[in-house]
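What follows is a single structure, written as C-alpha coordinates, with notes after it.
Order of appearance sets the numbers: ligands from 1, and atoms from 1 within every ligand. Sequence positions, counted from 1, serve as the residue numbers for this chain. What's counted below: heavy atoms across the whole structure, side chains too, no hydrogens, waters or symmetry copies. Given the structure is predicted, the values throughout are model-derived calculations rather than measurements.
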Amino acid sequence: VPGSGSASMETAVSNFVEPGMKFAVFANGHFANRMSDMGQRQRANVVRLERPWGSVFTAAEASEFLERERPDIVGFVQAETSTGAYQPGIAITEAAHKVGALVIGDCVTSLGAMPVQIDSNGIDIAYSCSQKGLSCPAGLSPVSINDTAWECLSKRKEATWNWYLDARMQWNYFDSGHVYHHTPSAALYYAMHRALWLVEEEGLQARWERHHRSGRQLVAGLGELGFIPVVENSEQRLWHLSTVTPPAGVDEAALRERLLAKYDIEIAGGLGQFAGKILRVGAMGPLATEERVAHLLACVAAVL
Ligand SMILES: Cc1ncc(COP(=O)(O)O)c(C=O)c1O
(Lines give C-alpha, C1' and ligand atoms only; values in the text may rest on other atoms or scores of the structure.)
Protein backbone atom coordinates (compact mmCIF):
# COMPACT_ATOMS: atom_id res chain seq x y z
CA VAL A 1 0.00 0.00 0.00
CA PRO A 2 1.39 3.41 -0.91
CA GLY A 3 1.49 5.27 2.40
CA SER A 4 2.42 4.88 6.06
CA GLY A 5 0.90 2.49 8.60
CA SER A 6 -2.29 4.55 8.80
CA ALA A 7 -2.85 3.97 5.06
CA SER A 8 -2.55 0.23 5.54
CA MET A 9 -4.91 0.46 8.54
CA GLU A 10 -7.36 2.35 6.35
CA THR A 11 -6.96 -0.26 3.59
CA ALA A 12 -7.97 -2.99 6.04
CA VAL A 13 -10.86 -1.06 7.53
CA SER A 14 -12.27 0.53 4.38
CA ASN A 15 -12.24 -2.70 2.38
CA PHE A 16 -13.56 -5.04 5.07
CA VAL A 17 -15.76 -2.91 7.34
CA GLU A 18 -18.88 -2.07 5.38
CA PRO A 19 -21.59 0.42 6.32
CA GLY A 20 -24.00 -1.09 8.86
CA MET A 21 -21.68 -3.95 9.85
CA LYS A 22 -20.92 -4.61 13.49
CA PHE A 23 -17.20 -3.96 14.06
CA ALA A 24 -15.82 -5.08 17.45
CA VAL A 25 -12.64 -3.32 18.52
CA PHE A 26 -10.40 -4.43 21.39
CA ALA A 27 -9.60 -1.02 22.81
CA ASN A 28 -6.51 -0.84 24.98
CA GLY A 29 -4.58 2.02 23.40
CA HIS A 30 -4.34 4.96 21.03
CA PHE A 31 -4.09 2.94 17.82
CA ALA A 32 -7.10 0.80 18.68
CA ASN A 33 -8.92 4.12 19.04
CA ARG A 34 -7.73 5.12 15.57
CA MET A 35 -9.13 1.85 14.20
CA SER A 36 -12.49 2.55 15.90
CA ASP A 37 -12.53 6.03 14.41
CA MET A 38 -11.94 4.62 10.94
CA GLY A 39 -14.73 2.09 11.50
CA GLN A 40 -17.12 4.87 12.48
CA ARG A 41 -16.18 6.82 9.35
CA GLN A 42 -17.21 3.74 7.33
CA ARG A 43 -20.63 4.09 9.05
CA ALA A 44 -20.20 0.77 10.87
CA ASN A 45 -21.73 -0.02 14.23
CA VAL A 46 -18.54 0.03 16.32
CA VAL A 47 -18.64 -1.81 19.64
CA ARG A 48 -15.63 -1.75 21.95
CA LEU A 49 -14.22 -3.79 24.78
CA GLU A 50 -12.08 -1.49 26.88
CA ARG A 51 -9.10 -2.49 28.98
CA PRO A 52 -6.69 -0.29 30.96
CA TRP A 53 -3.84 0.94 28.77
CA GLY A 54 -0.73 -1.18 29.27
CA SER A 55 -2.67 -4.44 29.67
CA VAL A 56 -3.88 -7.05 27.16
CA PHE A 57 -7.06 -9.09 26.77
CA THR A 58 -7.49 -12.67 28.02
CA ALA A 59 -9.15 -15.42 25.97
CA ALA A 60 -12.05 -15.53 28.45
CA GLU A 61 -12.69 -11.78 28.11
CA ALA A 62 -12.51 -11.96 24.33
CA SER A 63 -14.86 -14.90 24.19
CA GLU A 64 -17.44 -13.34 26.55
CA PHE A 65 -17.43 -10.07 24.58
CA LEU A 66 -17.64 -11.65 21.13
CA GLU A 67 -20.30 -14.21 22.10
CA ARG A 68 -22.38 -11.34 23.46
CA GLU A 69 -21.87 -8.95 20.52
CA ARG A 70 -21.59 -11.45 17.64
CA PRO A 71 -19.86 -8.96 15.32
CA ASP A 72 -19.22 -9.30 11.59
CA ILE A 73 -15.62 -8.23 11.95
CA VAL A 74 -13.10 -7.73 14.75
CA GLY A 75 -10.05 -5.47 15.13
CA PHE A 76 -7.13 -5.55 17.56
CA VAL A 77 -3.60 -4.18 17.81
CA GLN A 78 -0.81 -6.72 18.15
CA ALA A 79 1.93 -4.29 19.21
CA GLU A 80 0.27 -1.25 20.82
CA THR A 81 2.94 1.41 20.42
CA SER A 82 1.11 3.88 22.65
CA THR A 83 1.33 1.57 25.68
CA GLY A 84 4.15 -0.88 24.93
CA ALA A 85 1.91 -3.96 25.28
CA TYR A 86 2.02 -7.06 23.03
CA GLN A 87 -1.11 -9.09 22.25
CA PRO A 88 -0.10 -11.94 19.89
CA GLY A 89 -3.73 -12.35 18.82
CA ILE A 90 -4.74 -15.97 19.28
CA ALA A 91 -6.84 -15.20 22.39
CA ILE A 92 -8.98 -12.91 20.23
CA THR A 93 -8.95 -14.67 16.87
CA GLU A 94 -10.12 -18.06 18.20
CA ALA A 95 -13.13 -16.45 19.83
CA ALA A 96 -13.82 -14.34 16.71
CA HIS A 97 -13.71 -17.30 14.35
CA LYS A 98 -16.12 -19.20 16.62
CA VAL A 99 -18.75 -16.51 15.96
CA GLY A 100 -17.89 -16.38 12.24
CA ALA A 101 -16.12 -12.99 12.27
CA LEU A 102 -13.02 -12.05 10.31
CA VAL A 103 -10.14 -10.48 12.24
CA ILE A 104 -8.07 -7.44 11.34
CA GLY A 105 -4.73 -7.32 13.19
CA ASP A 106 -2.60 -4.19 13.40
CA CYS A 107 0.99 -5.41 13.03
CA VAL A 108 2.45 -1.96 12.32
CA THR A 109 4.99 -2.12 15.12
CA SER A 110 5.59 -5.86 15.42
CA LEU A 111 6.82 -6.70 11.88
CA GLY A 112 10.57 -7.22 11.68
CA ALA A 113 11.21 -7.05 15.42
CA MET A 114 8.79 -9.46 17.14
CA PRO A 115 6.76 -12.51 16.08
CA VAL A 116 3.80 -11.54 13.88
CA GLN A 117 2.87 -15.09 12.74
CA ILE A 118 -0.38 -14.19 11.07
CA ASP A 119 -1.43 -17.77 10.33
CA SER A 120 -0.70 -19.37 13.69
CA ASN A 121 -2.17 -16.29 15.39
CA GLY A 122 -5.29 -16.57 13.19
CA ILE A 123 -5.14 -13.04 11.74
CA ASP A 124 -7.18 -12.84 8.53
CA ILE A 125 -6.22 -9.31 7.48
CA ALA A 126 -2.86 -8.01 8.71
CA TYR A 127 -1.23 -4.70 7.98
CA SER A 128 2.09 -3.14 8.89
CA CYS A 129 4.51 -0.39 7.93
CA SER A 130 8.06 -0.02 6.69
CA GLN A 131 9.64 2.39 9.16
CA LYS A 132 9.65 0.44 12.44
CA GLY A 133 10.91 -3.14 12.75
CA LEU A 134 12.02 -3.11 9.12
CA SER A 135 13.70 0.29 9.60
CA CYS A 136 13.02 1.58 6.07
CA PRO A 137 11.82 5.04 5.14
CA ALA A 138 8.07 5.42 5.80
CA GLY A 139 5.68 5.34 2.87
CA LEU A 140 5.19 1.73 1.72
CA SER A 141 3.12 -0.61 3.85
CA PRO A 142 2.63 -4.36 3.61
CA VAL A 143 -0.90 -5.76 3.85
CA SER A 144 -1.81 -9.45 3.99
CA ILE A 145 -5.28 -10.81 3.22
CA ASN A 146 -5.88 -14.56 3.63
CA ASP A 147 -8.08 -16.70 1.37
CA THR A 148 -11.12 -16.56 3.66
CA ALA A 149 -10.97 -12.77 3.84
CA TRP A 150 -10.33 -12.44 0.12
CA GLU A 151 -13.39 -14.56 -0.61
CA CYS A 152 -15.48 -12.20 1.55
CA LEU A 153 -14.03 -9.19 -0.21
CA SER A 154 -14.69 -10.65 -3.63
CA LYS A 155 -18.40 -10.91 -2.70
CA ARG A 156 -18.60 -7.29 -1.55
CA LYS A 157 -21.37 -5.70 -3.61
CA GLU A 158 -20.61 -2.02 -3.19
CA ALA A 159 -17.24 -0.66 -4.25
CA THR A 160 -14.91 0.32 -1.40
CA TRP A 161 -15.74 3.89 -0.46
CA ASN A 162 -12.27 5.15 -1.07
CA TRP A 163 -10.63 4.71 -4.43
CA TYR A 164 -6.90 4.86 -3.70
CA LEU A 165 -6.92 2.07 -1.11
CA ASP A 166 -9.35 -0.23 -2.93
CA ALA A 167 -7.67 -3.64 -2.46
CA ARG A 168 -9.48 -5.28 -5.38
CA MET A 169 -8.31 -2.59 -7.78
CA GLN A 170 -4.79 -2.73 -6.38
CA TRP A 171 -4.74 -6.50 -6.80
CA ASN A 172 -5.38 -6.08 -10.53
CA TYR A 173 -1.92 -4.58 -10.67
CA PHE A 174 -0.15 -7.20 -8.55
CA ASP A 175 -1.99 -10.01 -10.37
CA SER A 176 -0.69 -11.19 -13.75
CA GLY A 177 -2.45 -8.47 -15.73
CA HIS A 178 -0.49 -5.56 -14.15
CA VAL A 179 -3.42 -3.23 -14.72
CA TYR A 180 -2.31 0.31 -13.88
CA HIS A 181 -3.86 1.68 -10.70
CA HIS A 182 -1.52 4.31 -9.22
CA THR A 183 2.14 5.26 -9.53
CA PRO A 184 4.21 3.87 -6.66
CA SER A 185 7.54 5.23 -5.46
CA ALA A 186 10.18 2.95 -6.93
CA ALA A 187 12.74 4.21 -4.38
CA LEU A 188 10.61 2.84 -1.54
CA TYR A 189 10.45 -0.57 -3.19
CA TYR A 190 14.25 -0.62 -3.42
CA ALA A 191 14.48 0.33 0.27
CA MET A 192 11.99 -2.39 1.25
CA HIS A 193 13.82 -4.95 -0.84
CA ARG A 194 17.09 -4.09 0.87
CA ALA A 195 15.50 -4.15 4.35
CA LEU A 196 13.99 -7.58 3.72
CA TRP A 197 17.33 -8.80 2.42
CA LEU A 198 18.92 -7.68 5.70
CA VAL A 199 16.25 -9.56 7.67
CA GLU A 200 16.89 -12.65 5.57
CA GLU A 201 20.63 -12.36 6.06
CA GLU A 202 20.34 -12.02 9.85
CA GLY A 203 17.60 -14.65 10.16
CA LEU A 204 14.21 -13.85 11.63
CA GLN A 205 14.76 -15.81 14.83
CA ALA A 206 18.14 -14.15 15.44
CA ARG A 207 16.57 -10.76 14.77
CA TRP A 208 13.77 -11.40 17.27
CA GLU A 209 16.31 -12.53 19.87
CA ARG A 210 18.45 -9.43 19.30
CA HIS A 211 15.42 -7.18 19.89
CA HIS A 212 14.41 -9.20 22.94
CA ARG A 213 17.91 -8.93 24.47
CA SER A 214 18.21 -5.20 23.91
CA GLY A 215 14.67 -4.61 25.24
CA ARG A 216 15.52 -6.41 28.47
CA GLN A 217 18.78 -4.46 28.74
CA LEU A 218 16.95 -1.17 28.21
CA VAL A 219 14.18 -1.81 30.74
CA ALA A 220 16.69 -3.08 33.34
CA GLY A 221 18.95 -0.06 32.82
CA LEU A 222 16.06 2.41 32.99
CA GLY A 223 14.86 0.61 36.13
CA GLU A 224 18.25 1.25 37.77
CA LEU A 225 17.77 4.95 36.99
CA GLY A 226 14.36 4.97 38.71
CA PHE A 227 12.02 4.60 35.69
CA ILE A 228 9.05 2.26 36.14
CA PRO A 229 7.73 0.04 33.30
CA VAL A 230 4.16 0.83 32.22
CA VAL A 231 3.43 -2.80 31.29
CA GLU A 232 3.59 -4.65 34.59
CA ASN A 233 3.79 -8.17 33.17
CA SER A 234 7.23 -8.51 31.56
CA GLU A 235 5.90 -11.26 29.26
CA GLN A 236 3.47 -8.76 27.72
CA ARG A 237 6.04 -6.07 26.94
CA LEU A 238 7.15 -5.11 23.45
CA TRP A 239 10.83 -5.91 23.03
CA HIS A 240 11.76 -2.95 20.87
CA LEU A 241 9.55 -0.19 22.29
CA SER A 242 9.76 0.28 26.03
CA THR A 243 7.28 2.42 27.90
CA VAL A 244 8.21 3.82 31.30
CA THR A 245 7.11 6.47 33.76
CA PRO A 246 9.90 8.81 34.82
CA PRO A 247 11.28 8.89 38.39
CA ALA A 248 9.33 11.13 40.81
CA GLY A 249 10.01 14.82 40.22
CA VAL A 250 11.38 14.36 36.69
CA ASP A 251 9.52 16.27 33.96
CA GLU A 252 9.34 13.94 30.96
CA ALA A 253 9.16 16.69 28.31
CA ALA A 254 12.15 18.56 29.78
CA LEU A 255 14.12 15.33 29.96
CA ARG A 256 13.41 14.57 26.30
CA GLU A 257 14.42 18.09 25.33
CA ARG A 258 17.75 17.82 27.17
CA LEU A 259 18.46 14.46 25.55
CA LEU A 260 17.78 15.89 22.10
CA ALA A 261 19.71 19.11 22.66
CA LYS A 262 22.77 17.51 24.24
CA TYR A 263 23.02 14.13 22.50
CA ASP A 264 20.82 14.39 19.40
CA ILE A 265 18.74 11.48 20.65
CA GLU A 266 15.00 11.73 20.30
CA ILE A 267 12.67 9.58 22.38
CA ALA A 268 8.90 9.84 22.30
CA GLY A 269 6.41 11.05 24.87
CA GLY A 270 2.99 9.56 25.62
CA LEU A 271 -0.05 9.70 23.34
CA GLY A 272 -3.70 10.26 24.30
CA GLN A 273 -4.36 9.54 27.99
CA PHE A 274 -0.61 8.89 28.48
CA ALA A 275 0.46 12.31 27.11
CA GLY A 276 2.81 14.04 29.55
CA LYS A 277 2.98 10.95 31.74
CA ILE A 278 5.21 8.38 30.10
CA LEU A 279 8.23 7.97 27.83
CA ARG A 280 8.26 5.64 24.84
CA VAL A 281 11.75 4.52 24.01
CA GLY A 282 12.30 2.69 20.75
CA ALA A 283 15.34 0.48 20.17
CA MET A 284 14.66 -1.19 16.85
CA GLY A 285 16.45 -2.26 13.69
CA PRO A 286 20.08 -1.10 13.78
CA LEU A 287 19.55 0.53 17.20
CA ALA A 288 18.72 -2.74 18.94
CA THR A 289 22.26 -3.65 19.97
CA GLU A 290 23.97 -3.88 23.35
CA GLU A 291 26.31 -1.02 22.45
CA ARG A 292 23.58 1.37 21.22
CA VAL A 293 21.36 0.67 24.24
CA ALA A 294 24.30 1.17 26.64
CA HIS A 295 25.02 4.52 24.93
CA LEU A 296 21.37 5.58 25.25
CA LEU A 297 21.31 4.63 28.94
CA ALA A 298 24.50 6.59 29.61
CA CYS A 299 23.02 9.67 27.88
CA VAL A 300 19.74 9.39 29.81
CA ALA A 301 21.70 9.12 33.08
CA ALA A 302 23.72 12.21 32.16
CA VAL A 303 20.67 14.43 31.57
CA LEU A 304 18.48 13.09 34.41
C1 LIG B 1 0.28 0.27 16.30
C2 LIG B 1 0.27 1.35 15.29
N3 LIG B 1 -0.70 1.39 14.36
C4 LIG B 1 -0.75 2.36 13.42
C5 LIG B 1 0.19 3.35 13.37
C6 LIG B 1 0.11 4.41 12.32
O7 LIG B 1 1.24 4.32 11.52
P8 LIG B 1 1.84 5.59 10.73
O9 LIG B 1 2.30 6.58 11.76
O10 LIG B 1 2.98 4.95 9.98
O11 LIG B 1 0.79 6.12 9.84
C12 LIG B 1 1.22 3.36 14.31
C13 LIG B 1 2.23 4.43 14.33
O14 LIG B 1 3.01 4.59 15.23
C15 LIG B 1 1.26 2.35 15.28
O16 LIG B 1 2.23 2.31 16.18
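- For Tyr173 and His178, the gap between ring centers is short of 6.0 Å.
- Side chain to side chain, Arg216 and His212 meet the donor-acceptor criterion of an N or O pair below 3.5 Å.
- Residue-ligand proximity, Arg34 to ligand 1, at heavy-atom distances under 4.0 Å covers atoms 6 (C).
- By the criterion of a heavy-atom distance under 4.0 Å, the backbone of Ala79, and not its side chain, is placed next to ligand 1.
- For atom 15 (C) of ligand 1, the nearest protein heavy atom (residue, atom name, distance) is Thr81 OG1, 3.4 Å.
- Exactly one of Arg34, Gln40, Arg41 qualifies for a side-chain hydrogen bond (donor to acceptor under 3.5 Å, both in side chains) with Asp37. That residue is Arg41.
- Nearest to atom 8 (P) of ligand 1 by heavy-atom distance, out of Gly5, Ser82, Ala268, Gly139, is Gly5.
- Between the CD atom in Glu69 and the CG atom in Leu49 there is a gap of 9.0 Å [rounded to 0.5 Å].
- In summary, the side chains of Arg48 and Asn33 do present a donor paired with an acceptor at a separation below 3.5 Å, with no hydrogens or angles considered.
- Counted by atom type alone, Thr148 and Asp124 present zero donor-acceptor pairs between their side chains at under 3.5 Å.
- For the pair Met192 and Leu134, the minimum side-chain heavy-atom distance is below 4.5 Å.
- Side chains of Glu291 and Thr289: a donor-acceptor N/O pair is absent below 3.5 angstrom, by distance only.
- Of the heavy atoms in Lys132, only side-chain atoms (C-beta onward) come closer than 4.0 Å to ligand 1.
- Between Gln78 and ligand 1 there is no heavy-atom distance shorter than 4.0 Å.
- Heavy atoms of Met9 approach ligand 1 to within less than 4.0 angstrom.
- Atom 6 (C) of ligand 1 has as its closest protein heavy atom Ser6 OG, 3.4 Å.
- Residue-to-ligand polar distances place Ser4 within reach of ligand 1: an N/O pair is separated by less than 3.5 Å.
- The protein heavy-atom contact nearest to atom 12 (C) of ligand 1 is Phe31 CE2, 3.3 Å.
- Across the listed options Leu271, Asp106, Leu241, Leu238, Asp106 owns the non-hydrogen atom lying nearest to atom 3 (N) of ligand 1.
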